[in-house]
Number of protein chains: 2
Amino acid sequence: MTLKFAILGLLAENPMSGFDLVGQFDVGMSVIWPAPQNEIYKILRALESEGAIRVADTGPRGRIVYAITPEGRTALTAWLREPTDYTMRYEPMLKAVFMRQATPATRRAIAKADGAFAAEQLAKLRQADAKRRAERKPDPRADARRLIILFYEAMEKWAKETAED
Amino acid sequence: MTLKFAILGLLAENPMSGFDLVGQFDVGMSVIWPAPQNEIYKILRALESEGAIRVADTGPRGRIVYAITPEGRTALTAWLREPTDYTMRYEPMLKAVFMRQATPATRRAIAKADGAFAAEQLAKLRQADAKRRAERKPDPRADARRLIILFYEAMEKWAKETAED
DNA sequence: ATATCACATGTGACTAATCACAGGTGAAGG
DNA sequence: CCTTCACCTGTGATTAGTCACATGTGATAT
């Protein structure tokens with residue numbers, strides 16, 4: 001159900017095909033909310049039959065470009081206003097809960113891997129951020145990027161603390 | 001599959017019944033990884049048939065207390081050593097991605113709600129932290145609590161920034 | 001020409017997760 | 001005694017998500 005709105009939200013930014021959406025999730029979206037390729041196509045068909053999106057264009061190789069409809073936009077903003085579900089699913093945090101039960105070597109290995117991942121994501125995000133700023137166009141994702149950067153900074157800090165104990 | 005290890009990890013800390021596990025998830029675990037009540041019982045049966053846990057005790061009202069077996073402990077540490085899946089599912093972050101598409105009032109409402117939730121969690125966590133420190137017992141969850149505190153601090157900070165724009 | 005590759009959507013079988021409800025049991029209080 | 005409530009496990013139906021594979025097409029280079 002949440003994935004449906006992830007897709008609807010992306011289509012609200014720009015008309016896109018299923019293939020384009022797969023690319024969006026590959027590029028960075030899946031860090032926040034993953035989407036298997038075939039789920040995307042299923043949801044597109046569902047959203048279309050609900051009238052939230054419509055076929056805006058077709059292209060070579062069976063390409064189907066979808067665009068959000070006014071009803072879809074209404075549904076999206078209604079979802080944004082609904083109470084948020086704050087339950088998270090994040091394996092690194094779960095491993096952190098149990099890591100004291102493992103050997104110090106394993107603990108350090110986990111912390112190191114977490115830190116490396118966070119650093120890698122931060123590098124990407126900061127680069128994207130700099131690029132966007134240089135372009136001086138309004139950036140609809142700026143808020144989210146800021147939140148995600150703060151999040152990975154916290155994770156990196158934690159990893160450093162935890163690796164050296 | 002990940003939930004299986006969440007349950008195994010909890011049983012590695014203490015022998016518990018399904019009912020106790022439901023309580024654990026209610027109290028705070030579900031913020032990191034949620035578990036519907038009936039999934040817990042299903043997984044307990046599966047873990048038992050795999051030999052990762054065993055019935056350690058029975059009590060009134062059909063209560064069944066499970067304890068982890070040596071094989072279970074092996075499986076748990078093997079999981080900890082396995083490469084971590086860093087994909088997250090977190091609705092607040094997803095909403096952050098699309099919040100620029102909503103009205104300023106909606107954006108502020110989202111940021112405010114997120115900030116309030118983070119503050120509430122921080123209050124709980126800090127209290128638990130202080131209590132644990134006062135007890136001076138070794139705390140297997142200390143690492144995780146630290147990570148989660150850092151995470152909610154980041155979220156609170158972001159919410160403050162975002163609410164006032 | 002034709003081989004290769006990126007583009008693009010889809011199906012089928014399966015597993016995990018979710019929702020809503022069912023139903024029995026011991027403890028405690030009036 | 002008997003009502004009420006917290007305790008405790010469970011079933012059945014449904015939906016969402018995952019894995020692995022299938023299929024066709026246009027562009028590009030040799």
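Both backbone and side-chain heavy atoms feed into the values below; hydrogens, waters and symmetry mates do not. Below, chain A is the first sequence line, B the second, and so on; all start at residue 1.
Between the P atom of D:dA16 and the CZ atom of A:R89 lies a distance of 13 Å, rounded to the nearest Å. To the nearest angstrom, P of C:dG10 lies 13 Å from CZ of A:R63. Between the CD1 atom of A:I64 and the P atom of D:dT25 there is a distance of 14 Å, given to the nearest Å. When the C1' atom of C:dA6 is taken as reference, atom CG of A:D26 falls 14 Å away, rounded to whole Å. Following rounding to the nearest Å, A:L21 (CG) and C:dC7 (C1') show an atom-to-atom distance of 15 Å.
The one candidate from B:E161, B:M155, B:K160 that meets the side-chain contact (heavy atoms from CB on, under 4.5 Å) condition with B:K157 is B:E161.
A side-chain donor-acceptor contact under 3.5 Å links A:D20 to the backbone of A:S17. With B:E156 contributing its side chain and B:A118 its backbone, the two residues share no donor-acceptor pair below 3.5 Å. Under a 3.5 Å cut-off, the side chain of A:T162 and the backbone N or O of A:A159 do not form any donor-acceptor pair. Within the 3.5 Å criterion, the main-chain N or O of B:T2 finds no donor-acceptor partner in the side chain of B:W79. Looking at A:T84, its side chain never comes within 3.5 Å of a backbone N or O of B:P92 through a donor-acceptor pair.
Looking at residues 27-59 of chain A, you'll see A:P36, A:N38, A:E39, A:K42 sit with a heavy atom under 4.0 Å from some atom of DNA chain D.
The rotation axes computed at either terminus of the helix from C:dA1-D:dT30 to C:dG30-D:dC1 lie 10° apart, taking five pairs at each end and rounding to 10 degrees.
Residues A:M1 and B:F19 both approach DNA chain D. Their nearest nucleotides, taken by heavy-atom distance, put B:F19 toward the 5′ side.
The number of heavy-atom neighbours closer than 6.0 Å to CD of A:Q127, taken from other residues, nucleotides and ligands shown, is 12 or below.
A:Y90 and A:F151 have their aromatic ring centers within a separation under 6.0 angstrom.
In the set D:dC7, D:dG17, C:dA8, C:dA8 carries the atom at the smallest distance from any side-chain atom of A:D20.
For B:Y86, the ring-ring contact (aromatic ring centres under 6.0 Å, His included) criterion is met by A:F117, not counting sequence neighbours.
For D:dG24, neither phosphate oxygen OP1 nor OP2 lies less than 4.0 angstrom from any side-chain nitrogen or oxygen of A:R61.
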